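As structure tokens, the structure follows; a few thoughts come after it.
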Amino acid sequence: MAFVVTDNCILCKYTDCVEVCPVDCFHEGPNFLVIDPDECIDCTLCEPECPAGAIFADDDLSGDQVVFIDINAELSRKWPVITEQKDPLPEAEKWDGVENKLPHLER
């Protein structure tokens, strides 16, 4: 089992989760974070830290969010590791809770 960043992180990119990760498995893209499934040790520390509620165990994903397992795996191999908390995106509050944001994901 690994944890997965899902749809609600897109266009928000809160990084509170990054600060608590003991193995630096988060990777940062332009408007989204992902978790490297090969690095994640399933410690559960990141899940409650996400203000957007966008992190889930892979076996707890709803049907429409399962696609994020592959997205996290793919993009974690392309994007750089992030280890320090940064400010969220400027319009994070506006986008938090908006559904179906996958078309806005910048790769």
Side-chain angles (χ1 to χ4, degrees):
M1 181 176 79
F3 281 80
V4 178
V5 182
T6 61
D7 192 56
N8 204 42
C9 181
I10 298 170
L11 296 169
C12 293
K13 199 168 80 168
Y14 293 103
T15 58
D16 305 55
C17 52
V18 170
E19 284 285 309
V20 299
C21 182
V23 293
D24 300 335
C25 66
F26 282 90
H27 294 253
E28 180 184 24
N31 67 352
F32 186 55
L33 298 176
V34 295
I35 294 173
D36 182 340
D38 295 329
E39 292 294 323
C40 180
I41 60 170
D42 310 320
C43 69
T44 74
L45 294 174
C46 61
E47 185 179 23
E49 293 300 316
C50 179
I55 301 174
F56 297 90
D58 58 6
D59 57 357
D60 290 340
L61 292 172
S62 61
D64 63 330
Q65 298 294 300
V66 172
V67 65
F68 284 94
I69 294 172
D70 290 338
I71 291 171
N72 275 245
E74 172 198 344
L75 297 178
S76 67
R77 284 156 183 74
K78 296 177 181 179
W79 289 348
V81 171
I82 177 174
T83 59
E84 294 181 5
Q85 186 171 355
K86 297 179 179 181
D87 290 335
L89 294 176
E91 295 189 345
E93 288 183 25
K94 170 186 162 189
W95 285 99
D96 188 3
V98 173
E99 295 183 12
N100 303 313
K101 295 192 283 185
L102 187 54
H104 299 284
L105 174 61
E106 294 179 35
R107 293 174 181 256

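It should be emphasised that the depicted structure is a prediction, and the values quoted were computed from it without experimental measurement.
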Would you confirm whether [X], through its side chain, and [Y], through its main-chain N or O, come within 3.5 Å as a donor-acceptor pair?
{"X": "D58", "Y": "A2", "value": "yes"}
{"X": "T83", "Y": "D24", "value": "no"}
{"X": "N31", "Y": "E106", "value": "yes"}
{"X": "N72", "Y": "I35", "value": "yes"}
{"X": "H27", "Y": "W79", "value": "yes"}
{"X": "Q65", "Y": "D7", "value": "yes"}
{"X": "K78", "Y": "R107", "value": "no"}
{"X": "K101", "Y": "C12", "value": "no"}

To the nearest 0.5 Å, tell me how far [X] [atom1] sits from [Y] [atom2].
{"X": "F3", "Y": "C46", "atom1": "CZ", "atom2": "SG", "answer": "6.0 Å"}
{"X": "S62", "Y": "F56", "atom1": "OG", "atom2": "CZ", "answer": "7.0 Å"}
{"X": "W95", "Y": "L89", "atom1": "CH2", "atom2": "CG", "answer": "11.0 Å"}
{"X": "I10", "Y": "F32", "atom1": "CD1", "atom2": "CZ", "answer": "5.0 Å"}
{"X": "L75", "Y": "L33", "atom1": "CG", "atom2": "CG", "answer": "11.0 Å"}

Legend entry - Exceeds 12 heavy-atom contacts within 6.0 angstrom, atom CD of E84: no
Legend entry - Residues, nucleotides or ligands: over 12 heavy atoms within 6.0 Å of Q85 CD: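 Yes - once you tally the heavy atoms of other residues, nucleotides and ligands closer than 6.0 Å, there are more than 12.
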Inset, instruction - Could you check if a side-chain atom of T6 sits within less than 4.5 angstrom of a side-chain atom of I55, using non-hydrogen atoms only? - result: no
Inset, instruction - Spell out, yes or no, whether V23 and M1 are grouped together once hydrophobic residues are joined by side-chain heavy atoms under 4.5 Å, including indirect joins. - result: no
Legend entry - D96 and N8: side chain donor to acceptor below 3.5 Å: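 There is such a pair between these side chains.
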Legend entry - Heavy-atom pair with the smallest gap, counting every atom of K13 and P30: NZ-O, 3.3 Å
Legend entry - E49 versus L45, closest heavy-atom pair with distance: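 That closest heavy-atom pairing would be CG-O, 3.4 Å.
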Inset, instruction - Indicate yes or no: does K86 engage D16 in a salt bridge with an N to O separation below 4.0 Å. - result: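 Salt bridge absent between K86 and D16.
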